[in-house]
Amino acid sequence: MTRARDTAVVRRAAALLLDYPDRGMLERLPTVRAAVDELPGGAARDGLTAFCAHAAGADELELGAHYVQTFDLRRRRALHLTFYTDGDTRRRGHALARLKEVYAAHGWRPGPHELPDHLCVLLEFASRGDAGQGEALLRRFQPGLELLRAALHRHGTPYAGVLDAVAATLPPPAAAQREAARRLAAQGPPAEDVGLEPYGGRAPGREALPWPT
């Protein structure tokens, strides 16, 4: 397989494995594992293989409970990526709308009950929608991805291996992205910019990240 195809397989597999582990997800697991087995050796294949083995050997109810405990109850392990860049501020709504615009410009429509910043949606777009724009969006949110990845490793969950696989499809974070991740870890996501949002204001010291074009 080509590198581009390998990358698409990794991102598609990660999107499926990061979804809530209901019956449908578990029924797709053998197909995902077969695709992962065809990948070249490395961190991406290792992380996905380890999670597939974990999911295949676990009880469905236990998997569901672990998923909720891992992602739904801790803000620092959120799968909604604008939370890391925009926090619980009014500008997060603008970021979500901008994501929808990017998807629509490339003929991609998330499901009606899916927020466009969910990592699964973004990975689906990058693997099956527009690879170039998907790459640009993943790199835009890379500080948040790195923070989530580190938090999952600290939590000791097999989901950390899936984030390792996603990270392996991206260039190493640039210095500015590493600093953004460090700042997020130290300060948390942005707080509400009361009175500034309608005028494009933002909290001091927090640089707005450019959107892909």
Side-chain angles (χ1 to χ4, degrees), residues 2-20 22 24-25 28 31-32 35 44 67 71-72 75 77-149 162-163 165-171 173-174 176-177 180-181 184 189-190 192-193 196-203 206-213:
T2 66
R3 178 177 176 82
R5 179 168 172 77
D6 290 344
T7 296
V9 169
V10 171
R11 290 174 177 172
R12 170 70 170 150
L16 293 170
L17 297 178
L18 288 170
D19 202 0
Y20 182 81
D22 57 12
M25 179 273 193
R28 293 190 295 269
T31 302
V32 175
Y67 185 93
F71 295 116
D72 292 353
R75 289 159 60 91
R77 296 198 294 267
L79 287 170
H80 293 94
L81 298 181
T82 61
F83 175 75
Y84 299 102
T85 55
D86 299 288
D88 289 327
T89 68
R90 284 172 288 179
R91 75 167 182 259
R92 186 179 176 212
H94 294 289
L96 293 172
R98 184 69 182 98
L99 271 173
K100 288 183 178 179
E101 291 173 357
V102 173
Y103 293 155
H106 294 85
W108 184 262
R109 293 183 181 277
H113 303 297
E114 297 174 321
L115 286 176
D117 67 332
H118 195 285
L119 181 54
C120 292
V121 176
L122 196 55
L123 289 168
E124 284 276 2
F125 176 68
S127 63
R128 301 172 61 217
D130 186 276
Q133 283 293 299
E135 174 88 7
L137 287 171
L138 287 169
R139 293 185 71 176
R140 180 184 189 274
F141 290 113
Q142 199 167 9
L145 286 170
E146 287 298 310
L147 187 64
L148 171 60
R149 181 184 173 203
V162 183
L163 266 292
V166 173
T169 70
L170 295 168
Q177 291 173 314
L184 275 171
E192 183 63 84
D193 303 332
L196 297 178
E197 178 57 27
Y199 306 98
R202 57 181 180 268
R206 294 192 182 278
E207 182 178 358
L209 296 174
W211 280 97
T213 57

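To the nearest 0.5 Å, the span separating CG on L148 from CZ on F141 amounts to 13.0 Å. For the atom pair CG of L163 and CG of L17, the computed distance is 11.5 Å after rounding to the nearest 0.5 Å. To the nearest 0.5 Å, atom NE2 of residue H118 and atom CG of residue D19 are 7.0 Å apart. In this structure, CG on L115 lies 12.0 Å from SG on C120, to the nearest 0.5 angstrom. Here the CG-CZ distance, from L99 to F125, works out to 9.5 Å after rounding to the nearest 0.5 Å. Rounding to the nearest 0.5 Å gives a distance of 9.5 Å between OG1 of T31 and CG of L16.
With a 4.5 Å cut-off on side-chain heavy atoms, T85 and R140 count as touching.
Closest non-hydrogen pair, A165 versus A44, comes out as CB-O, 3.5 Å. The two atoms that bring A14 and L123 nearest to each other are CB-CD1, 3.9 Å, heavy atoms only. Of all heavy-atom pairs between L18 and L79, the closest is O-CD1, 4.0 Å.
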Stepwise side chain to side chain contact (heavy atoms under 4.5 Å, CB included) test for E135 and D130: CA-CA 8 Å; E135 174 88 7; D130 186 276; over 6 Å; no
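Annotation: side-chain hydrogen bond (donor to acceptor under 3.5 Å, both in side chains) contacts of T169 (sequence neighbours excluded): R11. In this structure, the salt bridge (Lys or Arg N to Asp or Glu O under 4.0 Å) partners of R149, at least two apart in sequence or on a different chain, are E146, D164.
The salt bridge (Lys or Arg N to Asp or Glu O under 4.0 Å) contacts involving residues 103-126 comprise R12-E124, R92-D117, E124-R128, where partners must be two or more places apart or lie in separate chains.
Put simply, the side chain of Y103 never gets that close to the backbone of P110: no donor and acceptor are under 3.5 Å apart. Formation of a donor-acceptor pair under 3.5 Å by the Y84 side chain with backbone atoms of A78 is found in this model.
Aromatic ring pairs are classed by plane angle as parallel below 30°, tilted from 30° to 60° and perpendicular above 60°; the pair Y67 and Y20 is perpendicular.
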